[in-house]
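Here's the structure, in structure tokens; my notes come after.
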Amino acid sequence: MQPRSRRRSNGTNGRWIVALLLGGGLLTLLAVMLPALFMGWIRHQLQDSSFRGRLEALTGSRLGAEVQLEPLQWSGDEVRTASAGLVFADGSRAEAHGLQLGIDWGAFRRGLWHIIGAGADRLDLALAAASPVAKTSVPVDTTSPAAPALPGWLRSWLPDRTAVDGIRVQRFGLRHPDGWQLAGASLAVSHWQQGETSLLTTLQGGSLTTPLRPPAGGPALQFELERAVTRLAVGECHLQEAILRRGEAELRVRGRLRSADPAWQADLEWQRVPLAEWVAADWRQRLTGELAGELSLSASGSTQPQGKGKLWLLNGVLTALPVLDRLAAWSGVERFKRLVLDVAEAQVTTHATGQVLDPVVIASHGLLRLQGRLTMRGDQLDGQFWLGVTPETLRWLPGASEHVFTETAPDGPPGLRWTRLHLTGTRQAPREDLSQRLVEGAGKAALDLPAEVAAQGGALLLEPLLGKPAAPPEALLKNATDTGGKALESGARLLESLGGLLGK
């Protein structure tokens, strides 16, 4: 028989063991349930009516903007608000309608705020004009009830990482004070997680209105946006590629914009652009074709853009010009009536004072070739060219071979007769010096001929250029041998009539 004291000791030890087991079980149960209880408490805080005010204050302080949210509507783990508005310090505005997002509470247990299904039915941005006035901070409402303070050990259970599983906006609009406007596009923002310093965005569809107008006048240019991929970072926007269309024309743009300088750089490529929009009205029926080209532009601060590139005129045709009709009648070369430009291209340099096209090459195979340099300062033109024509073209032009087309172009292809051409005047009223030299060459040729040939045959030779019917070569020879009389008087009248050469 055991002593009573030993039995009492065994009973006491048993109770302590049971108590320890129960306490351990309770602690284990609490450890298991506490995260769930804590997560439930967080859910309650997010869905509390006061959370909207705290969210407005927090977002406003982070963005430096005044934020207004319509009441939040929770459905399970998803929240939606009818509209949200932001007014930034510089006056820019953002307004979203049908804004919604969801929270992945499974990721919450792993220490991650994971936002899923984020998007909006419509998002409109209106940028403010740049102002030299220093920016002022937007007052933020801090009167909303504060969230209950959490103990440090409990706060450590809150996720310390954030990830957004993309954002989609059904209709996106953007307005810029300088006249740029995008409407009706869809916007997609790629996945982002904390630590990444940029966002990848994709725009599709919609129409882009610009403040740009063609040189020939008319309404501002509008384009249909096919796609634009942009990477956004703090103080920088990198346009990876934008594809714009206007009828059959296509424009591709790549570039970068920095807000610190500010500075920007853009690479443009275009094709199938109708020439009619870029020439004066009286030239639209005379010069046809499609423009293609590439241009790299850049600017920094308040400096004027500078750039380099190349222009092409494809399927170019020059027609309905009186001088071409007369050349066709005089030379018997019908191709002059409808001059097909097999080559029409130029290297372009733009700078603060104007544009330089160098070299310019225009050619119609078997007839002529024009090459040289053209400088445009404002409306003023200054061009130095070489003009080469085939010997057959010069055959019936009096004095051209002997007195005008007598030089050798440094870089000209063989088989052509060359002369210099100086272009001056304005874009609306260009002037050239070739016509006058052709008149002088024809006058010298007339004085070099026998008097009777100069009087009659020379006049017939120049009739097509003066707007009269052309004479065949045999008629010229016959008149040259059959004519007699007042040679000097006829020759004087001939020189007087030369003022109408080339339609002048």
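In this text the structure is predicted, and so the values were computed from the model without any measurement. Just so you know, these numbers use all the heavy atoms, side chains as well, and skip hydrogens, waters and symmetry mates.
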Next item on the list: Check whether any side-chain heavy atom of Leu313 lies under 4.5 Å from a side-chain heavy atom of Ile362, and answer yes or no.
Entry: no
Next item on the list: Report yes or no: does Asp342 contribute a side-chain atom to a donor-acceptor pair with the main-chain N or O of His365 at less than 3.5 Å?
Entry: yes
Note to self: Under a 3.5 Å cutoff, is there a donor and acceptor pairing between the side chains of Thr350 and Gln355?
What the structure shows: no
Item checked: Side-chain ion pair, Arg252 and Glu269, N-O less than 4.0 Å -> no
Check: Taking atom CE of Met376 and atom CG of Leu423, what is their separation to the nearest 0.5 Å?
Finding: 10.5 Å
Checklist line | Validation row: Leu174, Leu127 side chains within 4.5 angstrom (heavy atoms) | finding: yes
Checklist line | Rounded distance [0.5 Å steps], CD in Gln271 versus CD in Glu248 | finding: 10.5 Å
Notebook entry, point to check: Any sub-3.5 Å donor-acceptor pair from Thr303's side-chain atoms to Ala299's backbone N or O?
Noted result: no
Note to self: Within the structure provided, determine whether Arg420 and Trp386 are in side-chain contact (heavy-atom separation under 4.5 Å).
What the structure shows: yes
Next item on the list: Please report the C-alpha distance between Phe405 and Trp418 in whole Å, then the side-chain angles of each, then the deciding distance to 0.1 Å, and finally whether the ring-ring contact (aromatic ring centres under 6.0 Å, His included) criterion is met.
Entry: CA-CA 5 Å; Phe405 290 86; Trp418 295 90; 9.1 Å; no
Check: About how many Å separate NZ of Lys308 and CG of Leu297, when rounded to the nearest 0.5 Å?
Finding: 12.5 Å
Checklist line | Partner of Leu311 by side-chain contact (heavy atoms from CB on, under 4.5 Å), out of Val348, Leu295, Leu291 | finding: Val348
Check: What heavy-atom pair brings Arg286 and Ala320 nearest, and what distance separates the two atoms?
Finding: NE-O, 3.9 Å
Notebook entry, point to check: What pairs of residues pass the side chain to side chain donor-acceptor pair (under 3.5 Å) test when at least one of them lies in residues 230-239, not counting sequence neighbours?
Noted result: Ser198-Arg231, Glu236-Arg256
Margin query: Once rounded to the nearest 0.5 Å, what's the spacing between atom CZ of Arg246 and atom CG of Leu251?
Written below: 11.5 Å
Item checked: Beyond-backbone contact of Leu212 with Phe223, side-chain heavy atoms, under 4.5 angstrom -> no
Notebook entry, point to check: What pair of heavy atoms forms the shortest contact from Gln371 to Pro413, and how long is it?
Noted result: OE1-CD, 4.2 Å
Check: With a 4.5 Å heavy-atom cut-off, do Leu416 and Thr390 have their side chains touching?
Finding: yes
Note to self: Just by distance, no angles: are the side chains of Glu432 and His422 close enough, under 3.5 Å, to form a donor-acceptor pair?
What the structure shows: no
Next item on the list: Just do the salt bridge (Lys or Arg N to Asp or Glu O under 4.0 Å) check on Arg227 and Glu241 with the steps written out, would you?
Entry: CA-CA 8 Å; Arg227 183 178 70 255; Glu241 184 179 56; 3.5 Å; yes
Note to self: Counting C-beta onward and ignoring hydrogens, is there a side-chain heavy-atom pair between Val404 and Leu434 closer than 4.5 Å?
What the structure shows: yes
Margin query: Measuring only between side-chain heavy atoms, which start at C-beta, is Gln380 closer than 4.5 Å to Asp382?
Written below: no
